Amino acid sequence: MIALIQRVKHAQVEVDNQVVGQIGQGMLVLLGVEKTDTQAQVEKLCQKVIRYRIFADEQDKMNLNVQQVGGELLVVSQFTLVADTQSGNRPSFSSAAPPELGKRMYEAFLSEVKQNGLVCEAGRFGADMQVSLVNDGPVTFQLKV
């Protein structure tokens with residue numbers, strides 16, 4: 001399971017020209033699920049995401065997490081994160097979770113975030129989405145469990 005996290009001033013996701021999720025200050029989380037992922041990995045990655053210190057403290061050091069700054073999360077499924085790009089000019093998605101598993105793990109991740117008391121908005125699994133954001137910094141990290 002892979003999360004590409006971006007510290008944002010604001011972000012939103014649209015499906016069919018309708019906003020389905022939007023946040024102010026916080027994190028955009030692009031989530032890729034692999035076919036071997038488990039509930040334990042969902043829980044571990046969720047904890048890593050919400051505890052990851054990417055927000056500035058009073059000394060302008062990245063010492064605060066999204067909860068400490070009262071930030072929000074926008075979580076968007078993105079199976080292309082798990083692509084194998086090592087050879088050739090076309091990505092392979094052989095390690096990506098099948099849609100049923102991917103959706104189940106995505107929804108489990110959303111549930112885990114909400115159980116930790118964060119405001120969490122979401123994209124629509126499997127939809128053609130348009131994501132817009134203002135990356136703050138820019139600050140972007142890839143987290144994998």
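All of these numbers come straight from a predicted model, not from anything done at the bench.
- Side-chain contact check for Leu4 versus Gln78: every heavy-atom pair is 4.5 Å or farther apart.
- Judged by distance alone, with hydrogens and angles left aside, the side-chain atoms of Asp37 form a donor-acceptor pair with the main-chain N or O of Met1 at under 3.5 Å.
- Cluster annotation: Ile5 and Leu28 are assigned to distinct hydrophobic clusters (Ile/Leu/Val/Met/Phe/Trp/Tyr, side-chain heavy-atom contacts under 4.5 Å, transitive).
- With hydrophobic clusters built from ILVMFWY side chains whose heavy atoms lie under 4.5 angstrom apart, Leu101 shares a cluster with Leu110.
- Transitive grouping of hydrophobic side chains (ILVMFWY, heavy atoms separated by less than 4.5 Å) keeps Val82 and Leu45 in distinct clusters.
- Using modelled atom types and a 3.5 Å distance limit, the side chains of Ser111 and Gln115 yield a donor-acceptor pair.
- What you find for Ala56 and Leu64 is that their closest heavy atoms are O-CD1, 3.3 Å.
- Proximity of Tyr52 to Met62: side-chain heavy atoms (C-beta onward) are nowhere separated by under 4.5 Å.
- For the pair Asp84 (side chain) and Gln86 (backbone), a donor-acceptor distance under 3.5 Å is present.
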(Q) One pair to check against side-chain contact (heavy atoms from CB on, under 4.5 Å): Thr80 and Phe93. What are the steps and the verdict? (A) CA-CA 7 Å; Thr80 60; Phe93 299 104; 4.0 Å; yes
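- Note that CD1 of Ile23 is 13.0 Å distant from NZ of Lys9, once rounded to the nearest 0.5 Å.
- Remark: Lys48 NZ to Gln41 CD distance equals 13.0 Å, nearest 0.5 Å.
- Closest approach of Gln67 to Asn65, counting heavy atoms only: N-OD1, 2.9 Å.
- A continuous path of hydrophobic side-chain contacts links Val145 to Val33 [ILVMFWY only; heavy atoms under 4.5 Å].
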(Q) Is there a side chain to side chain donor-acceptor pair (under 3.5 Å) between Asn116 and Gln47? Walk through the geometry before answering. (A) CA-CA 9 Å; Asn116 280 274; Gln47 290 305 308; 3.2 Å; yes
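- Residues Gly123 and Val13 come closest through the heavy atom pair CA-CG1, 3.7 Å.
- Residue Ile54 is tested with Thr140, Asp136, Val66, Val139 for a side chain to side chain contact (heavy atoms under 4.5 Å, CB included); the sole match is Val139.
- In this structure, CE on Met27 lies 12.5 Å from CD on Glu72, to the nearest 0.5 angstrom.
- With hydrophobic clusters built from ILVMFWY side chains whose heavy atoms lie under 4.5 angstrom apart, Leu74 does not share a cluster with Val19.
- Every residue two or more places apart in sequence or in another chain was checked for a salt bridge (Lys or Arg N to Asp or Glu O under 4.0 Å) with Lys35, and none qualifies.
- Note: Glu34 CD to Ile2 CD1 = 5.0 Å, rounded to the nearest 0.5 Å.
- Annotation for Val29 and Ala3: closest pair CG1-CB, 4.0 Å, computed over non-hydrogen atoms.
- Considering NZ of Lys44 and NZ of Lys144, their distance stands at 12.5 Å, rounded to 0.5 Å.
- Of all the heavy atoms in Leu31 and Tyr106, the pair that sits closest is CD2-CD1, 4.0 Å.
- Interatomic distance, CD of Gln12 versus CE of Met129, reported as 13.5 Å (0.5 Å rounding).
- Summarising the geometry of Ser77 relative to Gly126, their closest heavy-atom pair is OG-N, 4.1 Å, with the distance given to 0.1 Å.
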